[in-house]
Amino acid sequence: MKERLQQKLEEAVAGLLRSTGAETAVPEVALEVPRNPEHGDFASNAALVLARPLKRPPRAIATELAERLRGETELLEDIEIAGPGFLNFRLRRDRWHGVLKQILLEGPGFASVPAEVPERVQVEFVSANPTGPLTLGHGRQAVLGDSIARLLAARGHEVTREYYFNDGGRQMRVLGESVKARYLELLGRAAPPPPECLEEGGAWPGEIDGLPVIFPRDGYQGDYVREIAEALVAEYGEDLVDEAPDGRFRQVAQERIFSEIRATLEALDIRFDVYFNESDLYREGKNDEVLAELCERGLVYEKDGAVWLRSTELGLPRDRVLVKRTGEPTYLLPDIAYHREKFRRGFERIIDVQGADHKEQFPYVVAAVGALGFDASRIELVMHQFVTLTRGGQQVKQSTRRATYVTVDELLSRVGRDVFRFFMVQRKADGHLDFDLDLAEETDWKKNPAYYVQYAHARACSIERRAREAGLGLPDAGSFDASPLRLPEETQLLRKLAEFPDLVRRAADSREPHHVAYYLRELAGQWNPYVQDGRRHRILSDDRPLSLARLGLAVAVRTVLASGLALIGLSAPERM
RNA sequence: GCGCCGGUAGCUCAGCCGGAUAGAGCACCAGGCUUCGAACCUGGGGGUCGGGGGUUCGAAUCCCUCCCGGCGCGCCA
């Protein structure tokens, strides 16, 4: 509908330019849905854009354009020239009515807007190392990444959700050491470091009361570490005293924490297709391959006993270490190898969802993979800022290592999946997300927009139930007649519904799922008042054609709400 | 110091590929249930869109600059 009008408009502009003999190229003219409904269904700035090159007043140009479009009577009911020279188009009412029929015919398919060129896309997100429960930052990333994946699927892309497990670094080693230390403490063979030492700085005692202090200085202090140690004591007694920290201690901790993370994600309705282990890159020699390839291209050199990437050669601010003096790779080398594998596995688009703290290193990975001959422009970074916590108007300090943070599990148990997801996805990624704990703990979450949208859906379902009970039956898509819908608020709803495919396109292509949340709030914000005012808009009445038309509207609203909710991973309850 | 991201109503935030009178939720004030669901609805107050300059017929939106806040700038990941 919009496409047709746009085409007609461009023809009119081209025609006008030809008739004036101007050599101006046809400029880009905008055709948009105006905010103010009084400005018609669509508005264009064509005359304003043309005013300059034609050196004529915009309103005069608008008048001529309007003349050229008068003939489109089957599309347009009215054209108006307004303000400085806007063209306001009012479509024939039945143009909007067509939307309802389309939704009734397509059902959930209405939300499916295939891209011209579908791609094999990988979305990598969360990728948290299993050193403890997921933080709210991880929670935000999980919801963000999953929603992006859902949107991409709606665009017809073939989506793989992937979790990169960074098991080669020292984080997991420290976890093993932490568990072993707690294990020995439980057996009375080691002393826990005194609390004051665990704070910043301060001396670190070698032993206390003749017992050695094993716990690593940067160890993980959460209770869950002690619990794992307790489980090990219960199962093995003292048999593990001589076991290496990197052995069973680490193994058990890793598996246990990982399974808890997966359970958390499951509770968020998030499932990954692939868990990729960093250690596989080592085992399969990928790091060495990458190093050799970079070497061939003259991008590697040695200095101070370390191996460096000549990234300044690639236009970046400085060179970086690939292999430490110890012979151990830094995170960078496996990261490059990992992204190279992403391409080799056939992904045509690679989306990394990461926290703002990873921003700096990203260009190095991209540049290096590009230097290896892959199309680096196909790697995208979706960066998100952190989640801050407020309680009683004060920011709550959070520390991962000391485990003084609110976990996804805790919050989830308070507010549930739907509210959690809505809250996390409703702001754009590159802004801080301020989480008000008081709101989470005390206030009534019924005030939350998530419920408002779900309520709108439940109400539409309820009306359909009523219709069935009254023996009215649901409208048949094939013979559906929406023409009895003539109230302005009904036209408004139709317009809003018609926007949906465009919205999905925009949200998916910009990787900005928060648009969906706002759209849903707006649609529900039109639907709830409409239904509420039962006197004016009685849906089920004695006027059968009108009832059927309004019922069709209810079905369409319900369909779009359900689709939108699914795109951001919320349930669409039929009753609440 | 350099880089990235933010600064819009009392609070939390949309809007930012330039468009008409800057929006929403919460909070506040005043109303509404013999009506298909009151988890709802109606109305109201509330703004130098961080400051300044520029481009433009037109700037919250683009450019420059300054101020404030967050994050990053390791042979940590």
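Here is the naming used below: chain letters follow the sequence lines, and residue numbers restart at 1 for every chain.
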Open item on the list: Nearest heavy atom decides the nucleotide; on that basis, is T326(A) or A356(A) closer to the 5' end of RNA chain B?
Closed with: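 Final value for this comparison: A356(A).
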Task: 5'-most by nearest nucleotide on RNA chain B - L433(A) or R325(A) - done: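 So the residue in question is L433(A).
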For atom [atom1], what is the distance between [N] and [M], given to the nearest Å?
N	M	atom1	result
rU48(B)	rA9(B)	P	8 Å
rG45(B)	rG10(B)	P	15 Å
rC75(B)	rC66(B)	P	30 Å
rG3(B)	rC63(B)	P	15 Å
rC64(B)	rU55(B)	P	15 Å
rG74(B)	rG69(B)	P	23 Å
rC26(B)	rC41(B)	P	9 Å
rC16(B)	rA22(B)	C1'	12 Å

Open item on the list: Give me each pair satisfying ring-ring contact (aromatic ring centres under 6.0 Å, His included) with a member in residues 528-560 of chain A, each pair once, sequence neighbours excluded.
Closed with: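 Counting only pairs at least two positions apart or across chains, the ring-ring contact (aromatic ring centres under 6.0 Å, His included) contacts touching residues 528-560 of chain A are W527(A)-Y530(A), Y530(A)-H537(A).
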Task: hbond_proxy N528(A) side chain to rA38(B) base (donor-acceptor, 3.5 Å cutoff) - done: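 Absent.
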Task: Any N/O donor-acceptor pair, N45(A) side-chain to rG19(B) base, under 3.5 Å - done: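 Such a pair exists between side chain and base.
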- [ ] Evaluate side chain to side chain contact (heavy atoms under 4.5 Å, CB included) for I350(A) paired with E380(A), printing each intermediate quantity in order.
- [x] CA-CA 6 Å; I350(A) 292 158; E380(A) 293 177 30; over 6 Å; no
Please report, to 0.1 Å, the donor-acceptor pairs under 3.5 Å made by any side chain of residues 420-431 of chain A, with sequence neighbours excluded.
residue: R421(A); atom: NE; partner: I568(A); partner atom: O; Å: 3.0
residue: R421(A); atom: NH1; partner: D146(A); partner atom: OD2; Å: 3.0
residue: R421(A); atom: NH1; partner: L268(A); partner atom: O; Å: 2.9
residue: R421(A); atom: NH2; partner: D146(A); partner atom: OD2; Å: 2.8
residue: R421(A); atom: NH2; partner: S147(A); partner atom: OG; Å: 3.4
residue: R421(A); atom: NH2; partner: I568(A); partner atom: O; Å: 3.3

Task: Per-nucleotide protein contact string for nucleotides 30-37 of chain B (B base, S sugar-phosphate only, - none; heavy atom under 4.0 Å) - done: --B--BBB
Applying a 4.0 Å non-hydrogen cut-off, can you work out what [X] is touching in the nucleic acid: base, sugar-phosphate, or nothing?
X	value
A82(A)	base
A554(A)	nothing
A306(A)	base
D319(A)	nothing

So, is [X] near the phosphate of [N], with a side-chain N or O under 4.0 Å from OP1 or OP2?
X	N	value
H514(A)	rG15(B)	yes
Y452(A)	rA38(B)	no
K428(A)	rC16(B)	no
R521(A)	rG25(B)	yes
H515(A)	rG15(B)	yes

Rounded to whole angstrom units, what separation is found between the [atom1] atom of [X] and the [atom2] atom of [N]?
X	N	atom1	atom2	answer
R506(A)	rA14(B)	CZ	C1'	11 Å
I81(A)	rC57(B)	CD1	C1'	17 Å
Q354(A)	rG72(B)	CD	C1'	13 Å
R173(A)	rC76(B)	CZ	P	10 Å
N448(A)	rU12(B)	CG	C1'	12 Å
E512(A)	rC17(B)	CD	C1'	12 Å
Y518(A)	rU8(B)	OH	P	13 Å
L332(A)	rC73(B)	CG	C1'	15 Å

Open item on the list: Taking the six-membered ring for Trp, are Y364(A) and Y331(A) closer than 6.0 Å centroid to centroid?
Closed with: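 No, the ring centres sit 6.0 Å or more apart.
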Open item on the list: Using ring centroids (six-membered ring only for Trp), state whether Y338(A) and Y164(A) fall under 6.0 Å.
Closed with: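 So the answer is yes for these two rings.
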Open item on the list: Please enumerate all residues that pass ring pair (Phe, Tyr, Trp, His ring centres under 6.0 Å) together with F500(A), with sequence neighbours excluded.
Closed with: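 F500(A) satisfies ring pair (Phe, Tyr, Trp, His ring centres under 6.0 Å) with Y519(A) once adjacent residues are dropped.
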Whom does [N] pair with, Watson-Crick or G-U wobble, provided both distances fall under 3.5 Å?
N	answer
rG45(B)	none
rU56(B)	none
rG23(B)	rC13(B)
rG1(B)	rC73(B)
rU35(B)	none

Open item on the list: With the six-membered base ring of rG19(B) as reference, does the ring of F86(A) sit under 5.5 Å away with planes under 30° apart?
Closed with: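 No.
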TODO: For H432(A) and rG6(B), say yes or no: do the ring centres fall under 5.5 Å of each other while the ring planes differ by less than 30°?
DONE: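 Not stacked by the 5.5 Å and 30° rule.
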Task: In rC33(B), glycosidic geometry as syn within 90° of 0 or anti otherwise - done: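 Base orientation relative to the sugar is syn.
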Task: Under 3.5 Å side-chain donor-acceptor pair for D352(A) and H358(A) - done: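 No, no side-chain donor-acceptor pair sits under 3.5 Å.
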Task: Pairs touching residues 134-144 of chain A that satisfy salt bridge (Lys or Arg N to Asp or Glu O under 4.0 Å), sequence neighbours left out - done: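 Residue pairs with at least one partner in residues 134-144 of chain A: there are none.
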Task: All side-chain hydrogen bond (donor to acceptor under 3.5 Å, both in side chains) counterparts of N277(A), not counting sequence neighbours - done: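 Applying side-chain hydrogen bond (donor to acceptor under 3.5 Å, both in side chains) to N277(A) gives none.
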Task: Candidate list V560(A), L565(A), L570(A), L503(A), test side-chain contact (heavy atoms from CB on, under 4.5 Å), partner L520(A), passing option - done: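 Among V560(A), L565(A), L570(A), L503(A), the one meeting side-chain contact (heavy atoms from CB on, under 4.5 Å) with L520(A) is L565(A).
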